[in-house]
Structure formats: C-alpha cells, structure tokens
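Following: one structure in structure tokens, then a few remarks.
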2 protein chains.
Amino acid sequence: MKNEKDKIDLADANFPTAKHATLADVARHANVSAMTVSKVLRGVGSISKDTRARVKASAEALGYVTNGIAGALSAKKNTTVGIVIPSISDSVYSEIISALSDSLTEAGLTLLISESNFSGQIEERQIRMIMSLRPAALIVTGGIERSISAEKLLKRYPAPILQLWDADNPFGDATIGPSHLQAGRIAAEHFLKSGLNKIAYVGAELSKDICARLRLEAFRERLAEENIALECFVDEASPRQAASGETLVNQMISSGYKPNAIFFLNDSMALGGLRALLKYGIKVPDEVSVLGFNGTSRLNTVQTQLTTISMDRRAIGTTAGVALRAILDGKKPEKIPPTKLHILSGTTG
Amino acid sequence: MKNEKDKIDLADANFPTAKHATLADVARHANVSAMTVSKVLRGVGSISKDTRARVKASAEALGYVTNGIAGALSAKKNTTVGIVIPSISDSVYSEIISALSDSLTEAGLTLLISESNFSGQIEERQIRMIMSLRPAALIVTGGIERSISAEKLLKRYPAPILQLWDADNPFGDATIGPSHLQAGRIAAEHFLKSGLNKIAYVGAELSKDICARLRLEAFRERLAEENIALECFVDEASPRQAASGETLVNQMISSGYKPNAIFFLNDSMALGGLRALLKYGIKVPDEVSVLGFNGTSRLNTVQTQLTTISMDRRAIGTTAGVALRAILDGKKPEKIPPTKLHILSGTTG
DNA sequence: TTGAAAGCGGTACCAG
DNA sequence: CTGGTACCGCTTTCAA
C-alpha cells in the first residue's frame with residue numbers, strides 16, 4: 001500500500017470513484033475552518049447567514065456525506081441500534097422489526113439487524129459483532145436459551161438494553177412483548193368454555209423455544225385444574241413449520257388417538273395439521289377444534305380461516321421504538337405491560 | 001459534561017456499567033504495549049507464545065470487546081454492508097435478506113438493513129444515512145423509482161454496489177434477481193397453452209413498482225402477439241395485498257366482466273381474488289384460471305394451492321452474498337444470469 | 001519480537 | 001461569530 005496523501009481533487013468531485021470529501025475539503029472550498037463547517041452541517045453554534053450559505057453550497061458541490069464513523073468515535077455517540085432476532089424471514093419477527101425500524105428512522109437511528117436462528121451460540125457471536133460497533137442501544141429477543149457469557153456481555157454494556165417477545169422473563173431496561181403463559185391460559189380457556197375435554201398439543205423444537213414451552217406449560221396447567229390430561233405430539237428434530245404439523249397429526253391419527261381439540265405451537269404448524277385432518281375426512285371444528293398461535297396465516301388463506309391467538313405485532317415494534325427513544329433521551333424506563341393477546345376467531349374452532 | 005479522564009478501573013471490570021475496556025487497558029493489564037495487544041487480538045504479526053497467552057488472558061479478564069468504530073476509522077476498512085429494501089416485513093425480501101445475512105455473517109460482515117417503503121424519497125434518505133457509516137458495500141433493490149440524486153450518490157460511492165431483484169435494469173457492479181419481463185411472458189404462455197383467451201390482470205400501486213409494470217408489460221405484449229386483448233383492473237391507491245385483490249375482483253365481476261384467466265400482481269392479491277371468485281360461486285380453475293407471482297403463499301394454505309410463478313428467493317440472497325464477497329476480495333464482478341423462474345402448479349389453473 | 005509515533009475524520013472546549 | 005487544539009481508540013509504518 002502506498003502512503004501518499006491523496007486528498008480529494010476538487011475538479012474530480014464528480015468522478016465516480018473519487019474518494020470521500022472530508023470536512024477539511026469542504027472547509028478549504030468554502031474558505032473557512034473545519035470547525036465552522038462541522039457546526040454549520042450539524043446546525044449548532046451561531047454562524048453568520050453568509051458563511052452558512054457558502055458552506056452548504058460547498059458541501060453540496062463536493063457531494064459531502066458526513067463520516068458517521070469518525071463522528072461516533074469523536075463524540076462517543078452512535079446512531080446505530082443493534083438487534084438480534086431469531087429469524088429475519090419469520091413474519092412474526094419481521095413485522096416487529098419493520099415497525100421498530102420506522103420508529104427509529106424517525107429519530108435518525110439506523111438498525112443493525114442480525115439473526116440467531118434460535119441458537120444461543122450464534123446469538124452470542126452476533127451480540128459480540130454488533131457490540132464492537134458500539135451501538136447506542138441493543139435489543140435482543142427473549143425465548144431462546146441465551147448463553148451465560150452473552151448475558152454477562154449484555155449486562156455490562158454501558159447503554160440501554162431492551163428485550164422483545166418474552167414478557168414472562170423480563171431482561172434489561174425494558175421488555176416488550178406478550179406473556180406466553182397468558183397465551184397458554186387463553187388457549188385452555190378457549191377450549192374449556194366449549195366443553196372440550198380430549199385435548200392434544202402439537203409442536204416441534206421445544207428445546208429451542210422457551211416461549212413455546214411457556215405456552216404449553218400454562219396450557220397444561222390450566223387443563224390440569226379441570227382434571228383434563230393433555231396429550232403431546234412433539235418432534236424435537238423437525239422445524240416448526242407446516243410440514244411438521246402435517247406429519248405429527250398424521251402420526252397422531254394413525255396411532256388411533258383422536259382428540260376433540262388441538263392447540264398448535266404456531267399458525268404454520270396448525271395449517272399443516274389442518275391439511276392432515278382434512279385428508280382423514282375429519283370435520284373441523286365439528287369433530288376437532290383447532291387453535292393456532294400468532295395470527296400470521298390469516299391473510300394468506302383462501303377459505304379456511306384458522307382460529308388463532310393473535311396480537312398486534314407492529315405495535316410491539318413501535319412501542320419498543322418509542323420506549324427506546326425515551327430512554328435514550330434520558331427518561332428512565334417505565335414498566336411496559338405485556339402486549340395484549342386475543343382470540344381471532346375463524347372457522348376452525 | 002465533565003471532561004475528566006475516567007479510564008476503566010480494573011477492579012471494576014465486572015461492574016455492570018463499567019466503561020469499555022480499551023486496547024490500552026488490556027495492554028496495561030498484560031504489561032505490554034497497545035500495539036502488541038492489537039496484533040495478538042487480530043492474529044497478525046509474530047508474537048511470542050508467551051505474550052500471546054498473557055494478552056489473551058488479560059483481554060478475557062477485562063471483558064474486552066474490540067471497538068470496530070475506531071478500527072474502521074483507522075484502517076479505513078469497515079465490516080458492515082448496507083442494504084435498502086422496499087419492505088422488511090414482506091417475505092419476498094425478508095427471505096432474500098435472511099440468506100444474504102447468513103452468507104455475510106460467515107465472512108464476518110454485518111448487515112445494516114433499512115426499508116424504503118417503495119418510496120424513492122425515503123430510499124434516498126436511507127442511502128444517505130447508511131453511507132455516512134461508510135459500509136464496505138451497498139446493496140439496493142431495483143424496481144422502485146430511484147431519485148436522480150440517490151443514483152448519483154450511489155455512483156460515486158467508492159465501494160461495491162449491488163442491486164437486487166430487477167434483472168431487467170442492471171445497476172452497479174452486479175444485479176441479482178429474476179427478469180420480470182420473462183415472468184410476464186411465462187404467465188402469458190401459461191394461459192396460452194391452455195387455450196385461454198379472455199384474460200384479465202389485477203394489480204395495485206403500479207406506479208411504485210417498476211417490476212410489476214415490467215411483468216404486466218411483457219404479459220400484455222405476448223398476448224397481443226396472439227391478438228388477445230388484456231383487461232386490467234388496477235387500483236393505484238390500494239396496497240398490494242389480499243384485501244385489494246378481493247375488492248378488485250368483486251368490482252370486476254359485478255361490473256359484468258368475467259374472464260377465463262386472471263394474472264395477479266402477486267400471491268397475496270391472488271388469494272384475495274380467489275376469495276372473491278369463490279364467493280360468487282365461480283369455479284376455479286374450471287371457469288377462471290388464476291395465476292399469482294412469487295410463490296409465497298404456498299406454505300400457508302390449507303386446501304387451495306395457488307398456481308404461481310416462483311423462484312428460489314434464498315438463492316438470490318446467497319448468490320448476492322457470494323458475489324459480494326468475491327468482489328470484496330478483489331475479484332472482478334462476473335455477470336450473473338437472471339434468477340430462474342418456474343410455474344409452481346397448484347389447483348387454481 | 002516489540003513498541004513509539006503519526007494519523008483516520010470528526011467533535012468538545014476554549015480563546016480570540 | 002470563528003477557529004486552534006487536543007483528543008476518541010485503533011491501525012499502519014518503521015525503528016529498535
């Protein structure tokens with residue numbers, strides 16, 4: 001590598017791969033000091049109308065884009081917010097992120113998003129990676145088995161930490177999301193009030209998903225109070241998707257067990273389960289009531305409308321964004337109530 | 001604000017909100033120079049086994065996390081890659097992003113994601129914001145009306161620029177995605193080979209979505225070659241979602257027009273359209289053939305399987321990731337062929 | 001094998 | 001209203 005100075009050549013400013021113009025370049029062009037340019041561009045300090053205009057023109061002419069890296073290092077302030085979610089492509093999280101991103105963008109903050117694929121180990125790596133960029137705040141998702149070291153890392157990070165999704169296990173300065181224990185109870189009540197009493201649960205990969213376990217646990221407990229036993233069909237090795245739901249229900253029915261109600265880990269699995277039930281000619285909801293969780297498949301369905309437990313996912317993102325902005329503004333974190341859950345009634349029970 | 005030095009107190013290293021340990025802190029702790037620590041931690045230069053171990057232990061003890069901001073500024077190298085997509089919550093993009101993110105993470109790169117909501121103006125703002133963080137590369141999504149100034153900004157950015165999604169209008173160092181003109185032709189052929197000849201198109205917000213317009217254009221052209229006129233039902237003011245598809249088909253049928261084939265802007269609108277058709281008791285595909293675009297609703301459906309034009313979306317992300325890594329490694333960009341499209345046959349035509 | 005010095009491109013803090 | 005100076009925490013370069 002050469003070490004020659006290659007300051008931007010003003011004449012070259014429009015050349016495609018010209019180097020970035022710096023504050024000093026703009027200053028030279030406007031015949032003022034770098035400090036003055038900095039102030040004008042940030043809109044601080046008092047600068048004469050005249051210089052202000054000249055500086056702005058020069059910046060424009062040179063296509064100056066401020067260097068946030070240098071700014072962050074110098075001011076020890078950063079405009080990025082890091083977030084780690086289990087999966088970007090799962091609409092449950094992406095809707096939250098989308099709303100959150102909108103809210104943060106309004107405040108001039110940029111989101112650094114990464115995914116953990118529900119793995120505590122990957123999560124830790126991602127947290128490290130993101131932390132090295134010294135974000136103004138860090139947002140993590142509850143419900144996965146977080147490593148001890150990741151937790152330690154988060155606890156000592158000198159900036160706000162928020163947690164999403166798992167209101168039953170608060171973490172950091174604020175936690176925004178539904179209570180999955182409550183979801184489980186709602187599911188149980190839903191079946192109970194229809195007098196259903198032969199009940200099954202279908203899920204997958206529970207070892208990776210604490211929230212799903214909480215739902216199941218509360219569901220089972222509430223049923224136990226009514227002396228109803230719960231039959232579980234869970235495959236730890238399959239993904240939490242439609243195909244797995246279909247397979248598990250196939251197994252259930254062909255094993256000779258036929259419940260009158262099934263609670264699924266999520267909507268996808270419920271849809272798969274529905275396919276299997278229909279294949280066996282089982283009437284839904286007359287013979288078997290089916291309940292999902294999340295309210296995500298609703299929009300993508302033609303005839304059958306899955307009955308499911310739903311919530312306003314965008315609201316989670318927006319609430320998190322608003323809370324974070326408040327904390328960053330120095331307000332002290334308020335306790336945020338769990339996101340409201342409701343049964344979205346469909347045609348499946 | 002006080003200006004006192006407050007270097008990290010070693011004894012406090014485990015205190016929750018302790019400041020970040022710096023290279024100098026680690027150096028002091030290990031009784032070496034900062035330079036040596038830097039080398040050990042990056043694994044460069046030749047360092048005695050002994051010091052190497054001591055430094056590593058100290059870093060560990062102090063919970064040192066490298067400061068990527070300072071590193072990037074100093075080395076003029078950055079490990080972030082910026083990307084602007086129309087919508088994070090649209091599974092079409094989020095699946096691409098997810099695969100891309102995995103691919104980049106492998107290479108130690110972090111994704112800075114932001115969304116434009118299909119607005120050229122917002123896109124420009126996001127590009128500016130991301131650019132100020134001097135990412136090692138920038139990825140944008142084709143198909144939206146990019147502002148002139150955004151384009152200029154991208155063109156002069158001295159790092160690789162990739163474009164996603166719109167293979168018909170290449171941009172930057174490489175473009176990865178399907179040809180929407182081809183998609184339109186495939187759709188036309190699909191209907192033609194079944195001898196269908198009274199054909200409608202249903203869409204929304206075409207003004208925002210260049211790719212959808214390309215599909216429509218090629219579709220119309222191919223039909224015109226066979227002297228088939230195309231009837232369009234487009235609402236510029238509604239979102240490109242199921243509800244709009246339902247409304248538009250309702251309007252179509254109640255206006256007395258009944259085609260024998262409909263090509264929809266995307267799968268969501270097609271599903272909405274299907275609902276409307278079923279409501280009118282119209283047999284699909286016997287009376288009307290229905291074709292979607294994207295292959296996204298497939299997994300979330302119970303009975304009706306939408307026939308649609310699909311592609312491997314994760315492959316787009318992976319290909320983009322691989323291409324980017326190659327370019328970043330100094331290889332010169334190769335021309336990437338358009339992503340393959342195929343008809344995913346379902347039960348709707 | 002080790003480390004001192006000189007920045008990277010900004011911003012905080014003062015002094016003029 | 002304007003600008004000089006001293007860093008922010010790291011890496012590059014080069015000398016010891």
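Letters A, B, ... mirror the listed sequences (proteins, then strands); counts begin at 1.
Listed candidates were C:dA12, C:dG9, D:dT11. Nearest to the side chain of B:Ser38 is D:dT11. Nearest to the side chain of B:Lys39, among D:dG9, C:dT2, C:dC13, sits C:dT2. The listed nucleotides are C:dG9, D:dT11, D:dC10; the one nearest the side chain of B:Met35 is D:dT11. Distance from the side chain of A:Thr36 is smallest to D:dT2 among D:dT2, C:dG9, C:dT11. Among C:dT11, C:dC8, C:dG3, the nucleotide with an atom closest to any side-chain atom of B:Ser74 is C:dC8. Considering only the side chain of B:Ala75, D:dT12 comes nearest among D:dT12, C:dT11, C:dG3. Taking the side chain of B:Leu23 as heavy atoms from C-beta on, and the options D:dT2, D:dC8, D:dT11, the nearest nucleotide is D:dT11. For A:Ser48, counting side-chain heavy atoms from C-beta on, the closest listed nucleotide (C:dT1, D:dC1, C:dT11) is D:dC1. Closest to the side chain of A:Ala70, from the set C:dT2, D:dG9, C:dG10, is C:dG10.
For the pair B:Arg134 CZ and C:dC8 P, the computed distance is 14 Å after rounding to whole Å. Rounded to a whole Å, the NZ atom of B:Lys77 is 17 Å from the C1' atom of D:dG9. Regarding B:Leu133, its CG atom lies at a distance of 16 Å from the C1' atom of C:dC8, rounded to whole Å. In this structure, B:Lys76 places its NZ atom 9 Å from C1' of C:dG9, rounding to the nearest Å. C:dC8 atom P lies 11 Å from atom CG of A:Asp25, rounded to whole Å. Put simply, NE2 on B:His20 is 10 Å from P on D:dC10, counting in whole angstrom units. Regarding A:Arg28, its CZ atom lies at a distance of 19 Å from the P atom of D:dT2, rounded to whole Å. Between A:Leu62 atom CG and C:dG9 atom P there is a gap of 14 Å when expressed in whole angstrom units.
To the nearest 0.5 Å, atom CG of residue A:Leu138 and atom CD of residue A:Gln126 are 11.5 Å apart. The CD1 atom of B:Ile176 lies 4.0 Å from the CG atom of B:Leu162; values are rounded to the nearest 0.5 Å.
Among the protein residues, A:Leu73 comes within range of the nucleic acid bases, having at least one heavy atom under 4.0 Å from a base atom.
For A:Thr66, no side-chain nitrogen or oxygen approaches OP1 or OP2 of C:dG9 to under 4.0 Å. A close approach under 4.0 Å does not occur between any side-chain nitrogen or oxygen of A:Arg54 and OP1 or OP2 of D:dT2. For D:dT2, neither phosphate oxygen OP1 nor OP2 lies less than 4.0 angstrom from any side-chain nitrogen or oxygen of A:Arg52. An OP1 or OP2 oxygen of C:dG10 is reached within less than 4.0 angstrom by a side-chain nitrogen or oxygen of A:Tyr64. The phosphate of C:dT1 has OP1 or OP2 within less than 4.0 Å of a side-chain N or O from B:Ser46. A sub-4.0 Å separation between OP1 or OP2 of D:dT2 and a side-chain N or O of A:Thr51 is present.
Checked by atom type and distance alone, the side chain of B:Arg146 never pairs as donor or acceptor with a backbone atom of B:Glu151 at under 3.5 Å.
Judged purely by distance below 3.5 Å, without hydrogens or angles, the side chains of A:Thr105 and A:Asp102 never pair a donor atom with an acceptor atom.
The cationic atom of B:Arg134 (NZ for Lys, CZ for Arg) does not lie both less than 6.0 Å from the six-membered ring centre of B:Tyr157 and within 45° of the ring axis.
Residues A:Arg325 and A:Asp329 are not paired through a salt bridge, judged by the lack of any N-O separation under 4.0 Å between the basic side chain and the carboxylate.
Two residues, A:Val44 and B:Ser33, neighbour DNA chain C, and the one matched to the more 5' nucleotide by heavy-atom proximity is B:Ser33.
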